[in-house]
Every structure is written in structure tokens, then in C-alpha cells.
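Working notes, beginning with the structure itself.
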Number of protein chains: 2
Amino acid sequence: MAEGPAPQGGSSLLFLTDEQLRKGIEAMFFAYRGFTSDPDRILEGREMGRAHHRAIHFIHRSPGTTVSNLMALLGVTKQSLNRVLRALIAEGLVEARVGRRDRRERHLYLTEAGAALERELSDAQRERMRAAYRMAGPVAVAGFRQVLEAMMDEESRRHYEALAGKGG
Amino acid sequence: MAEGPAPQGGSSLLFLTDEQLRKGIEAMFFAYRGFTSDPDRILEGREMGRAHHRAIHFIHRSPGTTVSNLMALLGVTKQSLNRVLRALIAEGLVEARVGRRDRRERHLYLTEAGAALERELSDAQRERMRAAYRMAGPVAVAGFRQVLEAMMDEESRRHYEALAGKGG
DNA sequence: CTTGGAATGTCAACAAGGCTGACGTATTGT
DNA sequence: ACAATACGTCAGCCTTGTTGACATTCCAAG
């Protein structure tokens, strides 16, 4: 599997060496730490964690989404999700309304307080992202997104694109 | 990904809109899932998880590193790390040698079996990364890395750069 | 030589957040 | 009427993180 000496030919494929790939892997690891650190900090002390943040984020993005939808989006079981939702509802951050067309479904919405927390969390996370984007510049940002999209599983990419259609 | 609407004034700052930042945030979330999925799959059934993968990765990268170094690199407590190391040593994947200069320190090395597992894990992870890199191309890859580096905490960046110096 | 502190290991207890399995209930569609 | 769906919940388990406390070993400074 190792690349051996540098490939040559028409287009330089030096960016595909094991060495370059390894740097990318380590960059992902360390960057993800930064990526999650600000929301984590905000949520600690509120007796909440990353799981709550994710639920809040996606309920904000898709108001009225159902429990099933959210399960698929987050890739967790209904039991895991239910624990988080129960806490969020108990805290008055999320509201679950019985579906009108199908009354088995629960449609999820952020309350005022929930929306406020969402803003606090995403402001922090966005601020870091904004600083990174600004430092790197628009061309780098385009590449950043391209590589991330190519790294996703099929199913994740479908979710990602469905969301992109909503607000972007 | 195209360009979006026409640029305006001097330098288009459209890539810094909340909308663009939000897409980047969601891309990170979904991409990270793909990023970890292959090693996770390999390790399940071996009674190991992501924490073991991380330890194996960094011991491979810095053979002879100490427990303290690894703690700082991984950002976990010695108790968490110790539990993982104990398992890895028990499985015969990692060897801890008493330091010669300072005999309080334990220097960590992969055994043959450990190196074999490391290869299996990183081959899988690298393969996904390679596919993503190839799809996106060298310019995108450069941008990808730039943005990730800009997203790291100071401390993470120091670790990242120290590692980069070792093999690249 | 003694002693302080650093590096490490380990025990106990706990929490978050995943998981599976099983069961119950309301509702819908056939 | 009945099967399937959407959801909630209880119970139990795992991994991986946390604190706190304590023992050991060793380096280095007084």
C-alpha cells in the first residue's frame, strides 16, 4: 500500500502520498477538537453535552422535524435520542407537538429559550469557523468543503445535501 | 459549490456569510462521521474502540513517546489513558519500556502485532482520505488543510506541527 | 542523606452518551 | 379487525471520559 518513491507523469500526484494523507488525518483529529470545544465549554455547567447541542442544532435547522427524522440525521437510536429530548423538553428548550396529519408523530420545535441557547452555541462555533475561513481565504474554503463532502458516507451526504437545500 | 452570486466591491466576502459558515459546520459534522467509521468498524469485535485507535496511531507516529506526552497529545487524563494502555499491553499490541535516562518514565512502542493492527487501521482510514483527495484535487486539498489548521486551538496546532516535523 | 516534587500506576466512584432487548400505547392504513 | 408504524420507556450493558486519593519510584536540590 505504501507509495514508494514519488509518482510522476503528467499531473503531480504528490498530494496523494501516504505522508500527505497522514497529515490530513491528523489535521482532522486536531481540528475537530477545536471545532467542538466552544460549544462544549458553554454547555458544561448546564448539565448538557455535545448530544444536546447536536439535537438543538438540527431542530433549529429543520423546525417541525420528527423524532424519526432526527434519529436518522444524528445516527443514534431512539433510546439515546429520547434521553436527550426528554432533558431538552424538561428544560423548556424544546417543544414536541403532536402531528396533525399523523398524530403518532411528534414535531419538534425550539422554544424561545431554546432558540436563545442555539444562538449562543452557534455564535461561538461560527466565530471560530469565521476566523478560520478568513485566515484561509475563499479558495481554501471551497477546497475545504470539497474534501469534506468527498469524505462523507453516502447517507451522510444525502442528509447534508437535504439540509443545504433548506437554507442555502 | 460554484461561485454563488456575483462578487461585489473589492474582495467578495460572501464566503464569510452565516450561511456559508453553517454549511462548513455541518460538513465537519458529517465528514467526521465518515472519517472515523472505517477504524470503528475494524475495532468493534476486538473489544476496542476509538480511544485505542488514537493511542495506537500516536505511538506509531512517535515510537518511544512517554505516557505524559501521549496524555498531552490526546488531551485526556492519565487514568483514561492508563485504562487504554493497560488493555493494549495486555493484548500484546504495545510494549512499555522503562526509561534509561529517567527510569520513572515509560516509553511506549508498538509490538509486531500492534504495528500490524496499526497498518490495518490506517490503511482503511487512508483509503477513504485518498479517495476524497483524488476526487477533490490538489488545490482543494491544500485549502482543506489550511482551514483545518486555522481551526485548531493553539495547543493542538503545536502538537500537530511537532508531528509534522517528524515524518514530513 | 534527606526530602520535595515529578512521573507513573491503580483503586474507587461517577457521568455522559452510545447500545440492545423488551414491552406498552396510540394511531394509521389495509 | 388487524398489522404495521411512531413513539416512549424501563432495564441493563459498554466505552470513554471525569475526580479524588494514595502508593511507588526516582531525580535533583539542599
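Note that these values count all heavy atoms, side chains included, but never hydrogens, waters or copies made by symmetry.
For A/Glu105 and D/dG8, the CD to P distance is 11 Å, given to the nearest whole Å. Taking atom NE2 on B/His53 and atom C1' on D/dT15, their separation rounds to 16 Å, with Å as the unit. Distance A/Arg101 CZ to D/dT5 P: 16 Å, rounded to the nearest Å. Following rounding to the nearest Å, A/His107 (NE2) and D/dA6 (P) show an atom-to-atom distance of 11 Å. Between the CG atom of B/Leu108 and the P atom of C/dA7 there is a distance of 15 Å, rounded to whole Å. If you measure from atom CG of A/Leu43 to atom C1' of C/dA16, you get 13 Å, rounded to the nearest angstrom. Going from atom CZ of B/Arg106 over to atom C1' of C/dA6 covers 13 Å, rounded to whole Å. Put simply, CG on A/Asp40 is 14 Å from C1' on D/dT16, counting in whole angstrom units.
A donor-acceptor pair shorter than 3.5 Å cannot be found between the side chains of A/Tyr133 and B/Gln20.
Judged by the 6.0 Å and 45° rule, A/Arg97 forms a cation-pi pair with A/Tyr109.
Against DNA chain C, the stretch residues 77-93 of chain B makes heavy-atom approaches under 4.0 Å through B/Lys78, B/Gln79, B/Asn82, B/Arg86.
Atom CG of B/Asp123 sits about 5.0 Å away from atom CZ of B/Arg126, to the nearest 0.5 Å. Interatomic distance, B/Glu95 CD to B/Ile59 CD1, rounded to the nearest 0.5 Å: 11.0 Å.
The aromatic ring centroids of B/Phe29 and A/Phe58 lie less than 6.0 Å from each other.
Take B/Ala142 and apply the side chain to side chain contact (heavy atoms under 4.5 Å, CB included) test, not counting sequence neighbours, and it matches no residue.
Judged by atom type and distance alone, A/Arg104 reaches the base of D/dT5 through a side-chain donor-acceptor pair under 3.5 Å.
Comparing atom distances between the A/Ser68 side chain and each of D/dT16, D/dC7, D/dC27 picks out D/dC7 as nearest. Considering only side-chain atoms of B/Arg103, the nucleotide from D/dC7, D/dT18, D/dC26 that sits closest is D/dC26.
Taking 4.0 angstrom as the limit, A/Arg54 places none of its side-chain polar atoms (N or O) nearer than this to OP1 or OP2 of C/dA16.
Both A/Gly75 and A/Asp102 lie near DNA chain C, and the one whose nearest nucleotide falls closer to the 5' end is A/Gly75.
B/Phe35 and B/Tyr32 have tilted rings, their planes meeting at an angle from 30° to 60° on a 0 to 90° scale.
In this structure, A/His52 reaches the sugar-phosphate backbone alone: every heavy-atom distance under 4.0 Å involves primed, P, OP1 or OP2 atoms, never a base.
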